[in-house]
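Everything below concerns the one structure shown next.
All chains are named by letter (A, B, ...) in the order of the sequence lines, taking the proteins before the strands, and each is independently numbered beginning at 1.
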Number of protein chains: 2
Amino acid sequence: MAPRPASKTAVPSDKAGVICRALRRAIIEQALAPGAKLPEDSLGERFGVSRTIARHALGQLAAEGLVELRRNRIAVVATPSWQEARDAFDIRIELERLVVRQLAGKLTKAQIAELNAHVDAEDRARDGSDAVSIRLATEFHILLANMTNSPILVRYVSEVAYRCCLTLSLYSRPHSSECAINEHRAIIAALVKGDEAKVMSLMHSHLDSVASRALVAPAPPRGRDLLDILAPYAEEGESERVVKLPKMVRAR
Amino acid sequence: MAPRPASKTAVPSDKAGVICRALRRAIIEQALAPGAKLPEDSLGERFGVSRTIARHALGQLAAEGLVELRRNRIAVVATPSWQEARDAFDIRIELERLVVRQLAGKLTKAQIAELNAHVDAEDRARDGSDAVSIRLATEFHILLANMTNSPILVRYVSEVAYRCCLTLSLYSRPHSSECAINEHRAIIAALVKGDEAKVMSLMHSHLDSVASRALVAPAPPRGRDLLDILAPYAEEGESERVVKLPKMVRAR
DNA sequence: GACACTCAAAGTGCATGCAATTGAGGCGCA
DNA sequence: TGCGCCTCAATTGCATGCACTTTGAGTGTC
C-alpha cells in the first residue's frame with residue numbers, strides 16, 4: 001500500500017485541546033479518580049481560560065466517554081460499569097487486531113526504532129508509579145495505531161484504549177506490568193517478521209490477558225457510591241436516581 | 001447473558017442535541033452535500049438558539065467526523081477522502097461482526113418483530129428517493145447495534161455507519177437498494193437461527209459488497225472542487241491550500 | 001486584460017453577564 | 001433524636017458583546 005499523507009490534527013480550536021489533553025492524562029494516570037468533580041469555573045481558572053472553553057473541553061471528553069455530563073450538575077470523571085468495561089475491551093480487541101493486520105510486515109526502520117524506544121521507556125518506568133506504567137502501556141498501543149495513518153482508526157483505538165485505562169483504575173488489582181512489556185516486545189517482533197496470523201493472535205491474547213487480569217470481579221470493588229450499588233435494585237432504569245436510601249421515590 | 005439496564009442517553013445538554021440530530025439527518029440524506037457551509041449564526045438563527053449552542057453542536061458533529069472545523073473558517077460538511085472511506089468500511093465490518101456475534105440466537109420475539117418491521121419499511125421506501133433508502137439501510141444496522149445494549153458499541157457503530165453513509169453520497173454510483181434489503185432479511189434469519197458463524201460471514205459479505213459497490217473508483221467522481229482535485233499534485237500536504245490555479249504559492 | 005493591493009463585510013474565538021437549577025446546611029416540629 | 005421543609009450559595013445553561021481573522025469585491029497599475 002502506498003504511504004498516505006500524514007493525518008492532519010482533528011483538534012478544532014486550540015485552548016480547549018490543551019485542556020482536553022491535560023485532563024485526559026490526569027484521568028488515565030489516576031490523578032483524577034472516577035467520580036472526581038470537574039466544575040467548569042475551577043477548570044477555567046486553573047487553565048487561565050473562561051468557562052466557555054472549559055465547557056467545550058468537557059464536552060469533548062464526554063464524547064470520548066471519559067467524563068460524564070449531567071444536566072445542571074457538575075461534570076465528573078466517568079465511572080464505567082463492569083459490563084461497559086468488558087464491552088470496551090471486546091471492541092478494543094477487534095480494533096487492534098485490525099491495526100496489527102495492517103501493519104504486519106510494513107513497518108519502516110524508523111517506526112521499528114520508535115516502537116522499541118517506547119518499550120524501552122516502559123521498561124525504565126517499571127520502578128516508578130503504576131499509573132505511569134499503565135499510561136505508557138496504553139500509549140504503546142496508540143503509537144501502533146498511529147502508524148496505520150488511518151485517522152479514524154487512530155481515533156477509535158485511542159478512545160477505547162483510554163476508556164480501558166480508566167476501567168483499570170477502577171477494577172484492577174495492583175498492576176504488574178512486566179509481562180505486558182514482554183508481550184509488547186513479542187508483538188513488535190512478529191510485526192517486523194510480517195507474520196500476520198501470528199501477530200493478530202498475539203495481540204488478541206495480549207489484550208485478553210490484560211482484560212482478564214483487570215476485570216477480575218463483576219462486583220464493584222471500590223469508590224462506588226451508594227446509588228450505583230443500589231442501581232440493580234431500582235425498578236426502571238430510565239428514571240435515573242430514584243432511590244435515596246431511607247425514604248425514596250422522590251419522583252418529580 | 002443477563003439483560004442489562006437500558007443505556008441512559010449520553011446527550012449532554014439538550015438543544016445542541018436537537019441540532020446535532022437534525023444536521024446529522026440532513027447530511028446523511030444528502031440535503032447537505034459534502035463541502036456545504038455551516039455558519040454558526042445561520043444555524044443558530046435557523047434553530048432559534050444562540051451561536052454558542054450551534055457551535056457546540058458543530059463540535060459534536062466534528063468529533064463524529066461528519067463536519068470539518070477549521071480555525072477561523074466556516075465549518076463545512078466533511079468530505080472524506082477515498083482512503084478514509086475505505087478505512088471507515090474496514091472498521092465498520094469488524095464492529096458489526098461483533099454486533100451480530102453478540103446477538104446470534106439471543107434476539108427476543110419483540111426484537112425480531114422490530115427488525116422485520118424496519119426491513120418492511122425499507123421495502124416500502126424502495127420507490128422513494130435514494131437518500132431515504134440509504135438512511136433506512138444505515139438505520140437498520142444501528143438498530144441492530146442498539147439491541148446489544150452496549151452503549152459503547154452503539155456509539156461506534158452509529159458513528160462509523162454515518163460516516164460510511166456520507167461517503168456513499170460522494171463516491172457511490174446511483175444506489176440500487178434491493179439486494180441490500182434481501183441481505184438484511186438473510187441476516188435476520190441467520191440471527192434468529194442462532195448460527196453465529198453464518199451470520200458473521202453474512203454481515204461481512206454484506207458490508208463488503210456495499211463497500212465495493214460504493215467505493216468504485218479511487219478518483220473523486222463528482223462534487224469535488226478544484227483544490228481537492230489538484231491536491232495530489234501539490235508538493236507538501238501540510239500547507240493546505242497552496243494553489244490557486246494560474247499563479248500560485250500564495251504563501252503567507 | 002491581468003495582476004496586486006486595500007478595505008469593509010462576514011464570521012469565528014473567547015469572555016462575561018444574567019437567569020435557572022441544584023443540593024446542602026439550618027431551622028422547626030414531632 | 002430524627003425527619004421534613006426552606007432558604008441560599010454554588011454551579012450550570014445560554015445569550016450577547018468585543019476583538020481578531022478571513023474573504024472577496026473593488027480599485028489602481030502595468
Side-chain angles (χ1 to χ4, degrees), chain A residues 9-20 23 35-63 67-77 225-227 239-252, chain B residues 9-20 23 35-63 67-77 225-227 239-252:
Chain A
T9 78
V11 178
S13 75
D14 192 22
K15 302 199 193 175
V18 173
I19 302 181
C20 267
L23 285 182
K37 294 183 178 176
L38 303 169
E40 293 175 0
D41 31 12
S42 315
L43 249 49
E45 195 178 0
R46 175 70 186 75
F47 288 95
V49 298
S50 79
R51 282 203 308 125
T52 308
I53 307 302
R55 180 186 194 72
H56 199 74
L58 287 173
Q60 290 288 117
L61 292 170
V67 317
E68 279 172 21
L69 253 38
R70 297 111 90 212
R71 191 176 175 81
N72 282 319
R73 311 263 282 292
I74 303 178
V76 295
V77 176
D225 69 25
L226 228 41
L227 295 173
S239 52
E240 188 191 342
R241 228 173 58 261
V242 187
V243 292
K244 183 117 186 189
L245 206 42
K247 285 287 192 287
M248 58 193 63
V249 196
R250 178 177 286 231
R252 52 189 56 206
Chain B
T9 78
V11 177
S13 74
D14 192 20
K15 303 199 192 177
V18 173
I19 301 181
C20 268
L23 285 182
K37 293 183 179 176
L38 303 169
E40 293 176 359
D41 29 13
S42 316
L43 250 49
E45 195 177 1
R46 174 69 186 75
F47 287 94
V49 297
S50 79
R51 282 203 306 124
T52 308
I53 306 303
R55 181 187 193 72
H56 199 74
L58 286 174
Q60 290 288 115
L61 291 170
V67 318
E68 280 172 21
L69 253 38
R70 296 113 90 214
R71 190 174 176 82
N72 280 320
R73 310 264 283 289
I74 303 178
V76 295
V77 176
D225 70 26
L226 227 40
L227 294 172
S239 54
E240 187 189 344
R241 227 171 61 262
V242 187
V243 294
K244 183 113 186 193
L245 207 43
K247 286 286 192 288
M248 58 196 62
V249 196
R250 179 176 286 232
R252 52 188 59 205

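- Nearest heavy-atom pair, B:H56 versus B:A16, reported as atom, atom and distance to 0.1 Å: CD2-CB, 3.9 Å.
- One interatomic measurement links the two molecules: NE2 of B:H56 to C1' of C:dG13, which rounds to 16 Å at whole-angstrom precision.
- Across A:L69 and A:G59, no two heavy atoms sit closer than the pair CD2-CA, 4.1 Å.
- Spacing between atom CD of B:E45 and atom C1' of D:dA15 amounts to 15 Å, rounded to whole angstrom units.
- Put simply, CG on A:L58 and CZ on A:R51 are 11.0 Å apart, with the number rounded to the nearest 0.5 Å.
- Taking CG of A:L61 as the reference point, atom CG of A:L38 lies at 8.5 Å (rounded to 0.5 Å).
- Each of B:K37 and B:G48 was matched to the nucleotide of DNA chain D holding its nearest heavy atom; the match closer to the 5' end belongs to B:G48.
- Rounding to whole angstrom units, CZ of residue B:F47 and P of D:dG13 are separated by 20 Å.
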All N/O contacts under 3.5 Å from nucleotides 9-12 of chain C to the protein, with atom names and distances to one decimal?
| from | atom 1 | to | atom 2 | distance (Å) |
| --- | --- | --- | --- | --- |
| C:dT12 | OP1 | B:E40 | N | 3.1 |
| C:dT12 | OP2 | B:E40 | N | 3.2 |
| C:dT12 | O3' | B:N72 | N | 3.3 |

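- B:A57 and B:C20 make their closest contact through O-SG, 3.6 Å (heavy atoms, listed as atom of the first residue, atom of the second, distance).
- Shortest non-hydrogen contact noted between B:A54 and B:V49 is N-CG2, 4.3 Å.
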